[in-house]
Amino acid sequence: MHDPKFVRENPQAFDAALARRGVGPLSAQIIEIDSRRRAILTRLQAAQARRNEAAKMIGAAKGRGDHAEAERLMAEVGNLKAEIQADEIAERQVDMDVEAALSSIPNLPDPTTPEGPDETANVEVRRHGIPRQFNFEPRQHFDLGEGLGQMDFEAAARISGARFVVLKGMLARLERALGNFMLDLHTSAFGYTEVSPPTLVKSDALFGTGQLPKFEEDLFQTTAGLWLIPTAEVSVTNLVREQVLNEADLPYRFTAFTPCYRSEAGSAGRDTRGMIRQHQFSKVELVSITTPEQSDAEHERMVHAAETVLQRLELPYRVMLLCTGDMGFSARKTYDLEVWLPGQNAFREISSCSNCGDFQARRMMARSKASGAKTPRLVHTLNGSGLAVGRTLVAVMENYQQADGSILVPKVLQPYLGGQEVLNVQP
RNA sequence: GGACAGGUGGCGGAGUGGUUGAACGCGCCGGUCUCGAAAACCGGAAUACCCGCAAGGGUAUCGGGGGUUCGAAUCCCCCCCUGUCCGCCA
């Protein structure tokens, strides 16, 4: 969400930044609605001031027993009532107009975010690890998983339909191991606090992080009106909504291992086989709450934390700086981590780390206050996957596969799998 | 789900129609004292928005939303949440 005052004072900068995202100029329209709102508000408040003054005089008159004067004033101020009520209605309407105009505009890109129309304009920042050479044709994860008898898409389809999977045996345990490994790493090496948040949330929470009102079609909503989270970013970032935090306590760093639910409404036909794109997947999320001064450094730190997961798993990856056209709604700067998948012979997104600046904070009313400061200010929020567990499982399987279809267990995961070094066909 | 009881400032807690934006206590900030600190004492301090170059002025906010009234933290209606008991239940 944008600050109407900022738009009013920097219309050309605002439109120029939007243009970098391929959005046409909107400042004139916003300023028009905002000035209409302020005009109504000024008029309403003047009427309320007159009414309050008269009401006080009535009280004083009654207090000294001057009923004639009280009657006279009451008749006089009675006329203000209709005027005030009409302006109150007008004000409510124009407030909604302002919110409608502002709530669907994406965040302004950071100056360091490259400009471009789509993912082809993303910039590769660095690579890590060398893809392994296979002396056989590497298979995709779903072939491997079905071959192991531990990945069942047909059973999932009978239960839940397309885009679900049932993991069994050691693959189910591997998913749990990955989640535990990531949580352990982030909490012990990077100072994140583990949280176990609700995965059903109110509309307000989704508005706060920017999924609503614009992206309703990507979400599952329950008949009770609650929504399934598409990412733990929603629950965890909203931990600080409507709070004034002590600035000395920042940054807050949270990590959570949760299921995520996405309708994948716009992706029919894409990644239809396998676990890459599911309605439900698990993910370890990283969320940081910082001061404006800290957020850029915290962003780099978060990417490093996510990269460390891949490094410890010894999976090759590259870091991409997303361009304006490929970046999410709430982000002003985003790094994606793309892991190498030998079965697909391609890099695939496995993490996305975004600095949202004060964009989400304004929607959530999340603020902080320094000990000497007079007024609170908006915090900065950052979120990143650390990592998408389902896709990490895919990456481990494809990168660690052997010619006979078995999977070697990465060293760091072996303690989580009872010391087991290989995943074989299970009876 | 049922029955009660509640939701007031950072926290605790007064306040049932007219200078109550809100007593009092704690906490917080500044100062005095001190070598320094503690204690004590003095003083300060809500948030958002609007008007204004500014000084300053104004409006709203006592869970949320409506309503009654010249005037609502106080009265009425709806909703949400919390606590206790009962029922149910992982």
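Just so we're on the same page: letters track the sequence lines, and every chain starts at 1.
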Of the listed nucleotides ([options]), which one gets closest to any side-chain atom of [X]?
X: R37(A); options: U47(B), C50(B), C70(B); answer: C50(B)
X: A55(A); options: G18(B), U68(B), C51(B); answer: G18(B)
X: R38(A); options: G18(B), U47(B), C50(B); answer: C50(B)

Take atom [atom1] of [X] and atom [atom2] of [N], then tell me their distance rounded to the nearest Å.
X: L73(A); N: G71(B); atom1: CG; atom2: P; result: 13 Å
X: R377(A); N: A46(B); atom1: CZ; atom2: P; result: 20 Å
X: E88(A); N: A72(B); atom1: CD; atom2: P; result: 10 Å
X: E91(A); N: C50(B); atom1: CD; atom2: P; result: 11 Å
X: I58(A); N: U69(B); atom1: CD1; atom2: P; result: 14 Å

Closest-nucleotide ordering on RNA chain B, the 5'-leading residue of M365(A) and A75(A): M365(A)
task: Encode nucleotides 73-80 of chain B as B, S and - characters from 5' to 3', where the letter depends on protein heavy atoms closer than 4.0 Å: B to the base, S only to sugar-phosphate, - to neither.
output: --------
query: Is it true that R37(A) and D97(A) have a side-chain N and a carboxylate O under 4.0 angstrom from each other?
result: no
field: Proximity to RNA chain B (any heavy atom under 4.0 Å), residues of residues 44-54 of chain A only
entry: Q45(A), Q48(A), A49(A), R51(A), N52(A)
field: Paired nucleotide for A38(B) [Watson-Crick or G-U wobble; both distances under 3.5 Å]
entry: none
